[in-house]
J.: 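Before we start, here is the structure in question, set down as structure tokens.
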Amino acid sequence: MGGIYKRKGNSAKNKQHHRLLKTKSYKRANDQIHDDIKPENIQKWQNQPIDETLPGLGQYYCVSCARYFVNEESIKKHQISKQHKKQEKRVKEKPYTHMEAEQAGK
């Protein structure tokens, strides 16, 4: 009958819960995406082999947003969205180098 009772929903102090949430919604950083946009790398991202674990079998990928889509219709809808256009502007900017960051810190 008895047993150990565990409180449910007490995730405020749970470190493992917070680590899980950090990695669950991980997105590629803008400087990584900036490298992906180069012409030699775009072909690699757009012509991926079929992967059953990815949405749309990994065939519908937005390079500037680093997102997979289920079908052609959803990626076309995404490409005309405000979110996609803002991300394209952010990615086209040249990222800061380590030297620039060190000089700004001094």
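No hydrogens, no waters, no symmetry mates; every other heavy atom, side chains included, goes into these values. The model shown is predicted, which means the values in this text are computed figures rather than measured ones. Along the sequence shown, residues carry numbers from 1.
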J.: Look at the side chain of Asn41 and the backbone N and O of Asp35, then say whether any donor-acceptor pair between them is shorter than 3.5 Å.
T.: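 Pair found, side chain donor or acceptor close to backbone of Asp35.
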J.: Mind checking what makes salt bridge (charged side-chain N to carboxylate O under 4.0 Å, His left out) contact with Asp51, not counting sequence neighbours?
T.: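 Once residues adjacent in sequence are excluded, Asp51 has no partner under the salt bridge (charged side-chain N to carboxylate O under 4.0 Å, His left out) criterion.
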J.: Please list, chain by chain and in numerical order, all residues satisfying ring pair (Phe, Tyr, Trp, His ring centres under 6.0 Å) with Tyr60, sequence neighbours excluded.
T.: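 Expected list: none.
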J.: Any chance you could measure Leu57, atom CG, to Tyr68, atom OH, to the nearest 0.5 Å?
T.: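 The CG atom of Leu57 sits 11.5 Å away from the OH atom of Tyr68.
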J.: Please determine whether side chain to side chain contact (heavy atoms under 4.5 Å, CB included) holds for the pair Lys85 and Lys89, giving the CA-CA distance in whole Å, both sets of side-chain angles, and the decisive distance to 0.1 Å.
T.: CA-CA 7 Å; Lys85 291 175 184 175; Lys89 283 183 183 178; over 6 Å; no
J.: So how far is it from Gln59 CD to Asn47 CG, rounded to the nearest 0.5 Å?
T.: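 If I round to the nearest 0.5 Å, the distance is 8.5 Å.
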J.: Among all residues two or more places apart in sequence or in another chain, which pass the side chain to side chain contact (heavy atoms under 4.5 Å, CB included) test with Ile80?
T.: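 In terms of side chain to side chain contact (heavy atoms under 4.5 Å, CB included), with neighbours along the sequence ignored, Ile80 is linked to no residue.
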J.: Under a 4.5 Å side-chain heavy-atom rule over Ile, Leu, Val, Met, Phe, Trp and Tyr, are Val63 and Val91 clustered together?
T.: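 Per the 4.5 Å side-chain linkage, Val63 and Val91 are co-clustered.
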J.: Report the distance from atom OH of Tyr61 to atom CD of Gln48, rounding to the nearest 0.5 Å.
T.: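 Reported value, rounded in 0.5 Å steps: 7.0 Å.
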J.: List the atom of Ile33, the atom of Ser64, and the distance in Å for their closest heavy-atom pair.
T.: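 Result for this residue pair: CG2-O, 3.5 Å.
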J.: Using the rule that two of Ile, Leu, Val, Met, Phe, Trp, Tyr join whenever any of their side-chain heavy atoms come within less than 4.5 Å, decide whether Phe69 and Trp45 are in one cluster.
T.: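 No, Phe69 does not connect to Trp45 through the hydrophobic network.
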J.: Report the residues that fulfil side chain to side chain contact (heavy atoms under 4.5 Å, CB included) with Thr97, sequence neighbours left out, ordered by chain and then residue number.
T.: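 Once residues adjacent in sequence are excluded, the partners of Thr97 under the side chain to side chain contact (heavy atoms under 4.5 Å, CB included) criterion are Met99, Glu100.
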J.: Kindly write out the residues that satisfy side chain to side chain contact (heavy atoms under 4.5 Å, CB included) with Glu40, not counting sequence neighbours, or none if the list is empty.
T.: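 In terms of side chain to side chain contact (heavy atoms under 4.5 Å, CB included), with neighbours along the sequence ignored, Glu40 is linked to Lys38.
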J.: Tell me which one of Glu88, Gln87, Glu93 satisfies side chain to side chain donor-acceptor pair (under 3.5 Å) with Arg90.
T.: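 Checked Glu88, Gln87, Glu93 against Arg90; only one passes side chain to side chain donor-acceptor pair (under 3.5 Å): Gln87.
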J.: Does anything in residues 71-80 form a side-chain hydrogen bond (donor to acceptor under 3.5 Å, both in side chains)? List the pairs, not counting sequence neighbours.
T.: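 Qualifying pairs, neighbours excluded: Asn71-Ser74, His78-His84.
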